[in-house]
Amino acid sequence: MTLAARLSAIDERIAEAARRFGRDPGEITRIVVTKFHPAQLVRDLHALGVREVGENRQQELTAKRAALGDVQDMRWHFIGQAQTNKAAAIRRASDVVHSVDRVRLADALHRAADDDRVLDVLVQVNLTDDADRGGSTTADAETLAEHVLSLDTLRLRGVMAVAPLDEDPSSAFARLRAVADRIRLLAPEATWISAGMTNDFVQAVEAGATHLRIGSAITGPRPDRG
Ligand SMILES: *Cc1c(COP(=O)(O)O)cnc(C)c1O
């Protein structure tokens, strides 16, 4: 299958899932995760109409964005674990940061602001019991959201999570949905739920995801670090 065929096959499955769960497909944004693939792939996706891409490492994001310097209308999503000392570089290269998982990182992204641009951010929630996985605990997420709301160079858009490997994604995403609902009471405009990857996007659509992060089903297997 060609890249174009894989892309349209996934979009058809997303639309089908949306219809099945009574959602409007137009309210679901499909982000293509291009990590480990060359910048040319991002260019090819752009030619196919893709305008939202995701990367999980700062250096790779920065390099690809520079390589596509002539492309103005691509939105770059940073979806990886972020080191505080990379905050300035992440801020510079990202339109949206999905992985704000601690107060220190929010503060670092805020301090790195060097123009009037307000950065869109999501609070990442850890749905596993493993504290080493990225994300704030479900209990801490609201406190973190409140902190983000106090920083005027950041705009809280919602929540993000990765489903655990050892649990049915539906129950995990239901917990994320509950956190999202509580945060929306604090910030009605924080409506985004970033959840769902190649193997669990249907369950994410069912749970109310507004942003799906889909890599390998569209790009094919990842080179090197698969
Ligand atoms: C790699 C990655 C994805 C995409 O994963 P696929 O299974 O290839 O669709 C989504 N979200 C995050 C945070 C990732 O690191």
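- A donor-acceptor pair under 3.5 Å is formed between the side chain of T210 and the backbone N or O of I193.
- Annotation for E167: atom CD counts as buried by contact number, over 12 foreign heavy atoms lying within 6.0 Å.
- Between the side chain of T198 and the main chain of A217, a donor-acceptor pair closer than 3.5 Å is present.
- Residues satisfying the side chain to side chain contact (heavy atoms under 4.5 Å, CB included) criterion with A63, sequence neighbours excluded, are absent altogether.
- With values rounded to the nearest 0.5 angstrom, R182 atom CZ is found 13.0 Å from R177 atom CZ.
- Considering all non-hydrogen atoms of both residues, K64 and V42 come closest at CD-CG2, 4.1 Å.
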For residues 199-207, please give each side-chain donor-acceptor pair under 3.5 Å, one per line with the distance, not counting sequence neighbours.
| from | atom 1 | to | atom 2 | distance (Å) |
| --- | --- | --- | --- | --- |
| D200 | OD1 | M197 | N | 2.6 |

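- A donor-acceptor pair is defined here as one N or O able to donate and one able to accept, closer than 3.5 Å; such a pair exists between the side chain of R6 and the backbone of I218.
- With 3.5 Å as the limit, one finds a donor-acceptor pair spanning the side chains of N126 and T128.
- Residues M160 and V100 have side chains not in contact (no heavy-atom distance under 4.5 Å, counting atoms from C-beta outward).
- Scanning for side chain to side chain contact (heavy atoms under 4.5 Å, CB included) contacts around T219 gives V32, H37, L41, with sequence neighbours left out.
- Note on L176 and L212: same hydrophobic cluster, where clusters join Ile, Leu, Val, Met, Phe, Trp and Tyr whose side-chain heavy atoms are under 4.5 Å apart, directly or indirectly.
- Here the shortest heavy-atom pairing between A106 and L151 reads O-CD1, 3.7 Å.
- Here the CG-CD distance, from L149 to E189, works out to 7.0 Å after rounding to the nearest 0.5 Å.
- The closest donor-acceptor contact from the side chain of S99 to the backbone of G80 lies under 3.5 Å.
- We find the CZ-OG1 distance between R213 and T29 to be 13.0 Å, quoted to the nearest 0.5 Å.
- In terms of hydrophobic clustering, with Ile, Leu, Val, Met, Phe, Trp and Tyr side chains grouped at heavy-atom distances under 4.5 Å, V97 and V103 are assigned to a common cluster.
- For R43, the side chain to side chain contact (heavy atoms under 4.5 Å, CB included) test picks out Q40, L68, D70, V71, with sequence neighbours left out.
- Under a hydrophobic clustering in which Ile, Leu, Val, Met, Phe, Trp and Tyr are joined whenever their side-chain heavy atoms come within less than 4.5 Å, directly or via other members, F173 and V162 fall into different clusters.
- Separating the CZ atom in R222 from the NZ atom in K35 is a distance of 4.0 Å, to the nearest 0.5 Å.
- Enclosure of atom CZ in R13 is not indicated, since only 12 or fewer non-hydrogen atoms of other residues, nucleotides or ligands lie within 6.0 angstrom.
- The minimum heavy-atom distance between A141 and S136, with the atom names listed, is CA-OG, 3.4 Å.
- Side-chain contact, E146 with S150: no donor N or O sits under 3.5 Å from an acceptor N or O.
- Rounding to the nearest 0.5 angstrom, the gap separating the CD1 atom in I14 from the CD1 atom in I28 is 7.5 Å.
- Between the side chains of D140 and T137, at least one donor N or O lies within less than 3.5 Å of an accepting N or O.
- Partners of D116 according to the salt bridge (Lys or Arg N to Asp or Glu O under 4.0 Å) rule, which considers only residues two or more places apart in sequence or in another chain, do not exist here.
- A salt bridge between R23 and E27 is present, with a side-chain N of the basic residue lying under 4.0 Å from a carboxylate O of the acidic one.
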* Can you list the steps and then say if H98 with Q124 is a side chain to side chain donor-acceptor pair (under 3.5 Å)? -> CA-CA 6 Å; H98 289 229; Q124 184 179 352; over 6 Å; no

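- Ion pairing of R133 with D130 is absent here, as no side-chain N (NZ or NE/NH1/NH2) approaches a carboxylate O to less than 4.0 Å.
- The two residues L156 and A145 have their closest heavy-atom pair at CD2-CB, 3.8 Å.
- Listed by first and then second residue, the salt bridge (Lys or Arg N to Asp or Glu O under 4.0 Å) pairs that reach into residues 89-111 are R65-D95, sequence neighbours excluded.
- Contact annotation: the side chain of D11 approaches that of R30 to within less than 4.5 Å [non-hydrogen atoms, C-beta and beyond].
- There is a side-chain donor-acceptor pair under 3.5 Å between E55 and T34.
- Residues V33 and I79 meet the side-chain proximity criterion, which asks for heavy atoms closer than 4.5 Å.
- No chain of hydrophobic side-chain contacts below 4.5 Å, direct or via other Ile, Leu, Val, Met, Phe, Trp or Tyr residues, connects V121 to V118.
- In this structure, W192 and H211 approach most closely via the heavy-atom pair CD2-CE1, 3.2 Å.
- The hydrophobic cluster containing L3 also contains I214, counting ILVMFWY residues as joined when their side-chain heavy atoms lie under 4.5 angstrom apart, directly or transitively.
- Interatomic distance, L61 CG to H77 NE2, rounded to the nearest 0.5 Å: 11.0 Å.
- With a 4.5 Å cut-off on side-chain heavy atoms, R75 and D120 count as touching.
- Side-chain contact between L119 and L109: present, with at least one pair of heavy atoms (C-beta onward) separated by less than 4.5 Å.
- Listed here is the closest heavy atom pair of I183 and A190: CG2-CB, 4.4 Å.
- More than 12 heavy atoms of other residues, nucleotides or ligands lie within 6.0 Å of CG in N85, so this atom counts as buried by the packing criterion.
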* To do: Starting from the C-alpha separation in whole Å, work towards a yes-or-no answer on side-chain contact (heavy atoms from CB on, under 4.5 Å) for D152 and H110.
  => CA-CA 8 Å; D152 62 4; H110 172 65; 3.4 Å; yes

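- Proximity of W76 to S94: side-chain heavy atoms (C-beta onward) are nowhere separated by under 4.5 Å.
- At a cut-off of 3.5 Å, with distance as the only test, no side-chain donor of E12 or S8 sits close to an acceptor on the other residue.
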